[in-house]
Amino acid sequence: MLHLDLDAFFAAVEQRDKPSLRGKPVVVGGVGGRGVVSTASYEARVYGVRSAMSTREARSRCPHAAFLSGRFHAYRETSRQVMGLLRAASPLVEPLSLDEAFVDLAHAGLPDLSVETVTAFAEDLRARVMEATGGLTASVGIGTSKFIAKVASDLRKPDALVVVAPGTERDLLRPMDVRVIPGVGPATAERMRRVGIHTVEQLEAVSEDEMVRLLGNAHGHWLYSLARAEDDRPVVAEREAKSVSVEGTYDTDLTDRKLMESLLTRQANEVAGRLRKGGLSGRTVTIKVRLHDFTTLSRSSTLPSPTDSAATIARLARTLLADLDTTGGVRLLGVGVSGLADWVQEDLFGEAAEEEVEVLPEVEVPHHSRRTWAPGMDVEHAEHGRGWVWGSGRGVVTVRFETASTPPGPVRSFKDDDPDLTPWRPPEPEDEDGT
DNA sequence: TCTGGGGTCCTAGGACCC
DNA sequence: TCTGGGGTCCTAGGACCC
């Protein structure tokens, strides 16, 4: 297994494209009041600037650095070139992000997988990456598993190659901090520290049962294996997206609900656009709200059938926001869609389906029934036509109609067992033979 | 004016169904 | 009179990764 990691990728692309930045500290990330560092060039790292650090702190550590917000088109294009190079070397390539990928060397057509052969292959690959990208360096690790390849690529970066000979994996890992294990983050490391585990060697001494008790079922079994360098994960070239989301942190906290609603609406439009571009639609809409004190809340609702409609996603997002107390202010808002289906729903209403819907106040009434009504669900009522559920509970469903024939009043409430109130579904698309 | 954005995976509880 | 067992789906939150 080979792991390739482009060194200080975003900053390196900037230095490549702008010669005046070469040899100088460059910081790419959010440049607003609440931005964080995405990538720091090695010149900036000398001053202690690190990824995920607030840009404010980076500025105070290294005021003379160039602070850039990033040019993602350039990063994507360069990444595309590198991934292409890797795919030419082996059909089994798994990109992890724009700047990282695994390559299965068993499918690279090498005469053998000896240390000498893979070393020569990787040096050649690094040279080709540099040539193809106009001088970017890559760190490469090779080992008998994804885990070991990744550890190896991190060992001597930047611009280095490390090959871990088969059979030496556990000796390599033993003295290392438990944080080298993917999946051991701050919280897990702290739990381990509290029971006196700092190194992989100490982790090896823990029984599997104990690991599960300490870290939960999935995590416990998984880390028990990794501590022994047992990792048989294959390279997966094509992964299907499971969710699509957009979020934003604002420089000053939001307090105006109308503004929040319009921001959610815009985000919903972007999510819908990306869904459609990917030929996807999803059933679950989730909003994310980070309050002034950094408390993070999420609310979600699942529709009876998948959607890629901006209006549907926006409407549901605003409905979900309505249940949240945002007094005190909101620093982040986000909208996502999950439960994705890789097919697109029939566009039954043409362009009209994408008209924005005005937000209107909710109405309350009493009663009980069996049917579950989810906000955002499309409904039909004999007198009023097609609408969508604005709110539900205690046997009452409040429906908003968006057709021209809507009677006076913005919202109608019904007993939820009203025989004329039925979930509306698009007709099943018919096959050629009518089945 | 501490603390991004886009993701994945896991857990736990409740509803619901057979 | 006193309370099954398993499975699935949904929701909310949290850890983690780059």
Side-chain angles (χ1 to χ4, degrees), chain A residues 3-10 27-39 50-61 69-70 72 75-76 79 94-102 146-147 150 153-154 179-192 212 215-223 233 236 239-253 267 270-271 274 278 283-304 320 323-324 329 331-340 370-372 374-375:
Chain A
H3 179 257
L4 178 138
D5 193 338
L6 295 160
D7 301 314
F9 180 52
F10 296 169
V27 176
V28 179
V31 292
R34 287 170 167 172
V36 302
V37 174
S38 182
T39 314
R50 294 283 179 274
S51 293
M53 173 182 283
S54 73
T55 300
R56 174 175 312 282
E57 186 176 351
R59 277 189 206 278
S60 86
R61 284 178 186 252
S69 61
F72 280 82
Y75 308 153
R76 253 191 291 276
S79 176
E94 179 177 340
L96 299 177
S97 61
L98 289 180
D99 66 337
E100 259 187 67
F102 283 115
K146 281 183 164 180
F147 174 32
K150 174 115 167 111
S153 72
D154 259 324
R179 289 292 309 263
V180 300
I181 302 174
V184 179
T188 306
E190 173 58 22
R191 276 192 183 184
M192 289 179 177
V212 169
L215 306 169
N217 202 16
H219 218 201
H221 289 297
W222 173 234
L223 295 186
R233 290 171 296 167
V236 181
R239 289 189 182 277
E240 294 196 351
K242 306 234 159 126
S243 65
V244 172
S245 65
V246 171
E247 66 184 54
T249 294
Y250 305 97
D251 276 345
T252 54
D253 290 350
Q267 293 175 327
E270 206 180 316
V271 168
R274 279 166 42 190
R283 287 181 58 217
T284 303
V285 174
T286 303
I287 64 163
K288 179 170 164 182
V289 176
R290 182 119 73 205
L291 304 176
H292 66 291
D293 64 353
F294 221 73
T295 311
T296 305
L297 308 172
S298 67
R299 290 292 181 273
S300 63
S301 181
T302 299
L303 296 162
L320 290 166
D323 287 342
L324 260 29
R331 60 148 47 218
L332 171 147
L333 279 179
V335 178
V337 172
S338 57
L340 300 186
R370 311 226 68 187
R371 177 168 279 144
T372 303

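Throughout, a chain's letter reflects where its sequence line sits, starting with A, and its residues are numbered from 1.
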For [X] and [N], what is the distance between atoms [atom1] and [atom2] respectively, to the nearest whole Å?
X: A:D99; N: C:dC17; atom1: CG; atom2: P; value: 15 Å
X: A:D154; N: C:dC17; atom1: CG; atom2: P; value: 11 Å
X: A:W222; N: C:dA15; atom1: CH2; atom2: C1'; value: 16 Å
X: A:D5; N: C:dC17; atom1: CG; atom2: C1'; value: 12 Å
X: A:H221; N: B:dT11; atom1: NE2; atom2: P; value: 9 Å
X: A:L215; N: C:dA15; atom1: CG; atom2: P; value: 13 Å
X: A:D253; N: B:dT3; atom1: CG; atom2: P; value: 10 Å
X: A:R233; N: C:dC17; atom1: CZ; atom2: P; value: 11 Å

Would you tell me if any nitrogen or oxygen in the side chain of [X] comes within less than 4.0 Å of OP1 or OP2 on [N]?
X: A:T302; N: C:dC9; result: no
X: A:R290; N: B:dT3; result: no
X: A:K242; N: B:dG7; result: no
X: A:R283; N: C:dC9; result: no
X: A:S300; N: C:dC10; result: no

Students often get this wrong, so: under 4.0 angstrom with heavy atoms, is [X] touching a base, only sugar-phosphate, or nothing?
X: A:R239; result: nothing
X: A:L297; result: sugar-phosphate
X: A:R191; result: nothing
X: A:G334; result: nothing
X: A:D251; result: base
X: A:K150; result: sugar-phosphate
X: A:G30; result: nothing
X: A:V184; result: sugar-phosphate
X: A:S51; result: nothing

Given 3.5 Å as the limit, does a donor-acceptor pair link the side chain of [X] with the main chain of [Y], or not?
X: A:R283; Y: A:L303; answer: yes
X: A:R179; Y: A:V184; answer: yes
X: A:E94; Y: A:V236; answer: yes
X: A:T284; Y: A:S301; answer: no

Quiz item: Rounding to the closest angstrom, what is the interatomic distance between C:dC17 and B:dC2 at atom P?
Solution: 27 Å

Quiz item: For atom P, what is the distance between C:dG4 and B:dA15, given to the nearest Å?
Solution: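 Roughly 16 Å separates the two P atoms.
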
Measure from the side chain of [X], starting at C-beta and using heavy atoms only, and say which of [options] lies closest.
X: A:T284; options: C:dT11, B:dG6, B:dG4; result: C:dT11
X: A:R34; options: B:dT3, B:dG7, C:dA12; result: B:dT3
X: A:R274; options: C:dT11, B:dG7, C:dC18; result: B:dG7
X: A:E100; options: C:dC18, C:dA12, B:dT11; result: C:dC18
X: A:S243; options: B:dG4, B:dT8, B:dG6; result: B:dT8
X: A:R179; options: B:dT11, B:dG4, C:dC17; result: C:dC17
X: A:T249; options: C:dT11, C:dC16, B:dG5; result: B:dG5

Practice problem: Would you please classify the geometry between the A:H3 ring and the A:F102 ring as parallel, tilted or perpendicular, with 30° and 60° separating the classes? | Solution: tilted

Quiz item: In terms of heavy-atom contacts, does CD of A:E240 have more than 12 from other residues, nucleotides or ligands at under 6.0 Å?
Solution: no

Quiz item: Have A:R290 and A:T296 got a donor and an acceptor in their side chains that come within less than 3.5 Å?
Solution: yes

Exercise. By nearest nucleotide on DNA chain C, pick out whichever of A:S298 and A:A187 is the more 5' one.
Key: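 Its nearest nucleotide being more 5', the pick is A:S298.
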
Exercise. Evaluate side-chain contact (heavy atoms from CB on, under 4.5 Å) for A:F147 paired with A:I181, printing each intermediate quantity in order.
Key: CA-CA 8 Å; A:F147 174 32; A:I181 302 174; 4.0 Å; yes

Self-check item: Toward the 5' end of DNA chain B, by each residue's nearest nucleotide, A:L332 or A:R56
Solution: A:R56

Self-check item: Which residue lies more 5' along DNA chain B, comparing A:E247 with A:A218 via nearest heavy atoms
Solution: A:E247

Quiz item: For B:dC18, which nucleotide is its Watson-Crick or G-U wobble mate, given both distances must be under 3.5 Å?
Solution: C:dG5

